[in-house]
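One structure is given here, and the rest of the page talks about it.
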Amino acid sequence: MQAKILRHDASKEYFFQEGCYINELSNHEEDGDLSIARARVEPGVTTRLHRLNHSVERYCILSGMGRVEVEGLPIQIVSAGDVVLIPSGCYQRICNTGDEDLIFLALCTPRFQRGDYIELDETEIA
């Protein structure tokens, strides 16, 4: 890896199939141990139930309020400053319960790759 500054570019935000908006702040082969994305969930929206098969994910809540479901934990309310630890292979989803966008950093180790994302059906967690 070479030293560099990765500049934030708001125009690179895109809608991801999970049901939220993503801006990949850092997700590169040369830094394969970690990816960092800014996630934005609109008010009233719940992301799709899913799991990451190979990456451990952390949600670092920056603003807004939400209700998070992670396999192995009771449903929890989260807000700015909270960090949610999600082991690889665990189901997860988050709902924006507030009136403003829920914004958080999604940090994945190793880095997030689309093939690692598995959408689930409710019957798969019962």
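Model, not experiment: these values are computed from the prediction.
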Are Tyr117 and Phe112 near enough that their ring centres are under 6.0 Å apart? no
Test your reading of the model: is there a side-chain donor-acceptor pair from Asp82 to the backbone of Ser79, 3.5 Å cut-off? yes
Counting only N and O atoms by type, is there a donor-acceptor contact under 3.5 Å from the side chain of Asp121 to the main-chain atoms of Thr123? yes
Is there a donor-acceptor pair under 3.5 Å between the side chain of Arg58 and the backbone N or O of Val56? yes
Could you tell me whether Glu29 atom CD has more than 12 heavy atoms of other residues or ligands within 6.0 Å of it? no
Interatomic spacing from CD1 in Ile22 to NZ in Lys12 - rounded to 0.5 Å: 15.5 Å
If we ignore hydrogens and angles and just use 3.5 Å, is the side chain of Arg51 paired with the main-chain N or O of Ser88 as donor and acceptor? no
Inter-residue atom distance Ile75.CD1 - Ile94.CD1, 0.5 Å rounding: 12.0 Å
Stepwise, does the side-chain contact (heavy atoms from CB on, under 4.5 Å) test hold for Arg40 with Phe15? CA-CA 9 Å; Arg40 181 172 63 85; Phe15 185 78; over 6 Å; no
Has the side chain of Ser55 got a donor or acceptor atom that lies under 3.5 Å from a matching backbone atom of Pro110? yes
Heavy-atom closest contact (Asp33 atom, Thr109 atom, distance): O-CG2, 3.1 Å
Show, in sequence, the C-alpha distance, side-chain angles and deciding distance for Glu24 and Arg111, and conclude whether the salt bridge (Lys or Arg N to Asp or Glu O under 4.0 Å) test is met. CA-CA 11 Å; Glu24 297 282 354; Arg111 76 183 182 95; over 6 Å; no
If only side-chain N and O atoms count, and only distance matters, is there a donor-acceptor pair under 3.5 Å linking Gln92 with Glu69? no
With distance as the sole test, does Asn96 use its side chain to make a donor-acceptor pair with the main-chain N or O of Val45 at under 3.5 Å? no
For Thr46 and Cys95 the tightest heavy-atom approach is OG1-SG, 3.1 Å
Nearest heavy-atom approach of Glu57 to Leu52 is OE1-CD1, 3.2 Å
Of all the heavy-atom pairs spanning Leu120 and Tyr91, show the shortest one and how long it is. CD1-CB, 3.5 Å
Hey, what's the ring geometry for Phe104 with Tyr59, parallel, tilted or perpendicular (30° and 60° as the breaks)? tilted
Tell me which one of Glu71, Glu122, Glu119 satisfies salt bridge (Lys or Arg N to Asp or Glu O under 4.0 Å) with Arg93. Glu122
Compare every heavy atom of Glu18 with every heavy atom of His50, then report the nearest pair and how far apart it is. CE1-OE2, 3.1 Å
I'd like to know whether Ser26 forms a side-chain contact (heavy atoms from CB on, under 4.5 Å) with His28, so could you lay out the CA-CA distance, the side-chain angles of the two residues, the decisive distance to 0.1 Å, and finally the verdict. CA-CA 6 Å; Ser26 180; His28 307 279; 4.0 Å; yes
Here the pair of heavy atoms bringing Glu42 nearest to Asp101 is CA-OD1, 3.6 Å
By the definition side-chain contact (heavy atoms from CB on, under 4.5 Å), identify the one residue from Val78, Thr97, Asp99 that meets it with Met65. Thr97
